[in-house]
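To find a chain, count down the sequence lines: A is the first, B the second, and so on, and within it residues start at 1.
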Amino acid sequence: MNYKIPRGTFDILPPQSAKWQYVKQSFHKVASNYGFEEISTPIFEMAELFERSSGESSDVVQKEMYRFQDQKGRSFALRPEGTAPVVRSYIENHLGMQAAHSRLYYMGPMFRYDRPQAGRYRQFYQYGVEFIGSNHPFYDAEVIALEMDFLSELGLKKARLEINSVGCSTCALDYDKALREYYKPHLSELCTDCKTRYELRPRRLLDCKVPSCKAFRTDAPSQFDYLDAPCREHFDQLCGYLELMQIEYTINPQIVRGLDYYTNTAFEIIYDDLGAQNSLAGGGRYNALIAQLGGKDTPAIGFAGGFERLLLALEKEGIEIAKPLKPDIYLVLMGEIAQTTGMEILRILRKRGLYAEYNPEKTSFKAQMKAADASGARYAILLGEDEIKENSLLIKDLSSGNQNKIAGKALAEYPF
RNA sequence: GUGGAUGUAGUUCAAUCGGCAGAGCACCGGAUUGUGGUUCCGGGCGUUGAGGGUUCGAGUCCCUUCAUCCACCCCA
């Protein structure tokens with residue numbers, strides 16, 4: 001009989017909602033500082049868009065996508081990530097014809113059918129940016145800098161940047177080939193998951209947690225050795241830019257992006273205290289995606305981050321980002337005439353942009369004072385028969401207890 | 001999808017061996033309707049997550065189910 005929220009989803013209630021507002025606002029601001037403008041795409045898209053972009057073999061497509069058919073039997077999916085929709089829109093609206101570069105950012109809910117856990121939900125909120133139209137490593141660094149700025153703007157200290165290069169499509173193929181050759185003699189010793197990985201995504205063999213599989217990792221060929229000269233050069237330049245921007249990073253050759261469309265630069269922001277779901281944000285370059293989705297061959301780089309984990313991290317560091325809402329002024333009114341005048345006072349105060357409150361259910365003077373105190377208001381305005389008679393108001397500073405009698409007309413200018 | 005832990009008042013938690021479901025905080029009201037914070041008094045029948053079973057008797061034991069948390073997995 002009682003309705004319950006669907007598994008893996010959550011309500012954002014006050015006072016938590018104020019924190020969400022604050023964090024989103026900060027992202028709007030930082031993205032703007034880098035010249036990015038907001039794009040909003042639908043919550044659902046043709047299922048095929050994600051199948052094509054993320055890769056048929058990815059877990060996201062294979063078991064995590066919310067699919068549904070509409071009344072005419074068309075197959076849609078709730079978006080599991082933000083990049084493919086942005087790219088779809090970029091192609092569909094010919095954004096590439098309007099400017100050499102497109103700098104877009106977005107925020108909103110994403111959906112994946114996954115087993116809920118701390119920092120992992122079925123409907124979760126991501127923010128992200130996409131820089132489309134250049135392969136210059138400077139922009140890789142810009143996009144990373146944007147995210148790092150956002151985190152430090154919020155006051156987060158313990159986030160770490162890890163970077164890697166997965167190479168272009170051709171070096172990736174070479175590397176996959178090398179990995180298969182290396183693992184081939186051991187195939188029978190691998191876990192069942194890894195046998196699938198061997199076929200579909202050999203790079204996944206590297207982050208298997210099963211000890212017996214882990215053992216082969218040490219001698220496995222490194223991604224770096226299979227980067228061709230331009231990819232190697234791109235990566236070195238990125239590192240150079242990061243150093244010039246004074247952004248600390250570590251190189252982690254193990255980073256493998258979960259979605260098929262990544263090329264070259266891959267990076268991740270790690271926050272160690274979050275348990276298993278310790279990735280605050282991740283992204284990389286996807287130079288082949290736009291052409292693959294039917295657009296003109298265009299290089300691009302972007303990232304996405306999760307708001308839930310970000311808020312968890314902020315909490316871990318004890319960062320207070322939103323104070324509870326408290327009235328500036330609480331009205332204490334005695335008698336019917338005072339109520340009439342009181343309504344006028346409310347109007348004047350709110351026109352001045354102040355948060356003013358009054359509770360007609362508290363009848364006694366004492367109860368009203370109590371309510372004023374409990375509300376946390378800075379000032380109370382007291383108005384009773386005496387004040388009405390002489391057309392004045394008592395303004396009381398609730399923390400000091402000082403009272404100040406002013407003429408009624410003076411309220412509009414009173415310095416609260 | 002796999003394994004483990006946990007579900008009691010708004011909230012944090014008690015409840016001995018299976019024997020009357022309780023406390024702190026919060027909340028509401030009151031202590032002479034012109035002065036708040038402290039204090040004092042009063043206010044709790046709550047499907048013990050849900051459904052079934054065992055028993056004279058179940059919050060407690062058993063089964064099922066749902067949810068949360070943790071790990072695997074996956075990822076942001």
Taking only the side-chain heavy atoms of A/L394 (C-beta and beyond), determine which of B/G34, B/G36, B/U33 contains the nearest atom.
B/G34
Is it true that A/E390 and A/K405 have a side-chain N and a carboxylate O under 4.0 angstrom from each other?
yes
Distance, C1' atom - from B/G49 to B/C66, rounded to whole angstrom:
7 Å
If you take atom types as modelled and just measure distance, does the side chain of A/R120 reach the base of B/C73 with a donor-acceptor pair under 3.5 Å?
yes
What distance, rounded to whole Å, do you find between the two P atoms, one in B/A71 and one in B/U60?
29 Å
Can you confirm whether or not the ring centre of A/Y105 sits under 6.0 Å from the ring centre of A/F27?
yes
Choose from B/U35, B/C66, B/U68 the nucleotide whose nearest atom is closest to any side-chain atom of A/K4.
B/C66
Assign the ring pair A/H101 / A/F131 to parallel, tilted or perpendicular, where the plane angle (0 to 90°) is split at 30° and 60°.
tilted
With both distances kept under 3.5 Å, what pairs with B/G36, Watson-Crick or G-U wobble?
none
Describe, in one word, how the ring planes of A/Y66 and A/F111 are oriented to each other, choosing from parallel (under 30°), tilted (30 to 60°) and perpendicular (over 60°).
perpendicular
For A/F124 and for A/K63, locate the closest nucleotide of RNA chain B by heavy-atom distance; then report the residue assigned to the nucleotide nearer the 5' terminus.
A/K63
Options B/C28, B/A76, B/G36, nucleotide nearest the side-chain atoms of A/E308:
B/A76
At under 4.0 Å, does any side-chain N or O of A/K362 touch on OP1 or OP2 of B/G29?
yes
Rounding to a whole Å, what distance do you find between A/D114:CG and B/C74:C1'?
5 Å
Using a heavy-atom cut-off of 4.0 Å across all strands, would you classify A/L280 as base, sugar-phosphate, or nothing?
sugar-phosphate
Whole-angstrom distance between B/U55 and B/U16, as gauged at atom P
23 Å
With RNA chain B as reference, determine whether A/A118 or A/I5 sits nearer its 5' end, using the nearest nucleotide of each.
A/I5
One thing to verify: whether A/K158 and A/D272 come together as a salt bridge, which I'm taking to mean a side-chain N less than 4.0 angstrom from a carboxylate O.
no
A/E268 near the nucleic acid: base, sugar-phosphate alone, or nothing, with a heavy-atom cut-off under 4.0 Å?
nothing
Does B/C66 have its OP1 or OP2 closer than 4.0 Å to a side-chain nitrogen or oxygen of A/R7?
no
Report which part of the nucleic acid A/G8 touches: base, sugar-phosphate, or nothing (heavy-atom distance under 4.0 Å, all strands).
sugar-phosphate
What nucleic acid atoms does A/E387 come within less than 4.0 Å of, heavy atoms only: base, sugar-phosphate, or nothing?
base
Looking for any heavy atom pair under 4.0 Å, which part of the strands does A/K366 touch: base, sugar-phosphate only, or nothing?
sugar-phosphate
Using a 4.0 Å heavy-atom cut-off across all strands, classify A/G384 as base, sugar-phosphate, or nothing.
base
Provide the distance between the two C1' atoms, one in B/G18 and one in B/U2, to the nearest whole Å.
35 Å
Chi angles and distances behind the side chain to side chain donor-acceptor pair (under 3.5 Å) call for A/E243, A/Y249
CA-CA 9 Å; A/E243 277 151 32; A/Y249 64 90; 2.4 Å; yes
Whole-Å distance separating the CD atom of A/E81 from the C1' atom of B/A76:
11 Å
Between B/U35 and A/Q403, counting only base atoms on the nucleotide and side-chain atoms on the residue, is there a donor-acceptor pair under 3.5 Å?
yes
Provide the distance between the two C1' atoms, one in B/G10 and one in B/C28, to the nearest whole Å.
13 Å
Nearest whole Å is fine: how far is B/C75 P from A/I269 CD1?
18 Å
Separation of atom CG in A/D373 from atom P in B/G37, rounded to whole Å
7 Å
When both distances are under 3.5 Å in a Watson-Crick or G-U wobble arrangement, the nucleotide paired with B/U54 is none
B/G43 versus B/C25 - spacing of their C1' atoms, nearest Å:
16 Å
Shortest side-chain distance from A/A276, nucleotide among B/C69, B/A76, B/A71:
B/A71
Give me the distance, rounded to whole Å, that separates B/G44 from B/G24 when you measure between the C1' atoms they each carry.
14 Å
Taking A/Y127 as the fixed residue, which of A/F150, A/W20, A/F36 is the one that meets the ring pair (Phe, Tyr, Trp, His ring centres under 6.0 Å) rule?
A/F150
Could you go through the side chain to side chain donor-acceptor pair (under 3.5 Å) check for A/Y183 and A/E181 one step at a time?
CA-CA 6 Å; A/Y183 275 99; A/E181 269 164 33; over 6 Å; no
Classify the side chain of A/R115 versus the base of B/U2 as yes if they form a donor-acceptor pair under 3.5 Å and no if they do not.
yes
For B/G42, the Watson-Crick or wobble counterpart (both distances under 3.5 Å):
B/C28
Name the closest nucleotide to the A/A304 side chain, picking from B/U35, B/C74, B/A76.
B/A76
Report the nucleotide, chosen from B/A76, B/U35, B/G34, that has the shortest atom-to-atom distance to any side-chain atom of A/M334.
B/G34
Polar side-chain contact A/Q368-B/G34 base: donor and acceptor under 3.5 Å:
no
Whole-Å distance, A/L393 CG to B/G34 P, equals 18 Å
So, under a plain 3.5 Å distance rule, would you say the side chain of A/R309 forms a donor-acceptor pair with the base of B/C75?
yes
Select base, sugar-phosphate, or nothing to describe what A/L310 touches, counting heavy atoms under 4.0 Å on all strands.
nothing
From CG of A/L333 across to P of B/G34 the rounded distance in Å is 14 Å
Between C1' on B/G34 and CZ on A/F365, what's the gap in Å once rounded to a whole number?
5 Å
To the nearest Å, give me how far apart CD (A/Q117) and P (B/C72) are.
7 Å
Taking any heavy-atom pair under 4.0 Å as a contact, classify A/G335: base, sugar-phosphate, or nothing.
nothing
Between B/G51 and B/A9, how far is it from one P atom to the other, in whole Å?
16 Å
Across every strand shown, the nucleotide meeting Watson-Crick or G-U wobble geometry with B/G1 (both distances under 3.5 Å) is B/C72
Could you check whether A/R122 makes a cation-pi contact with A/Y113, meaning its NZ or CZ is under 6.0 Å from the centre of the six-membered ring and within 45° of the ring axis?
yes
Which part of the nucleic acid, if any, lies within reach of A/G401 when heavy atoms closer than 4.0 Å are counted: base, sugar-phosphate only, or nothing?
base
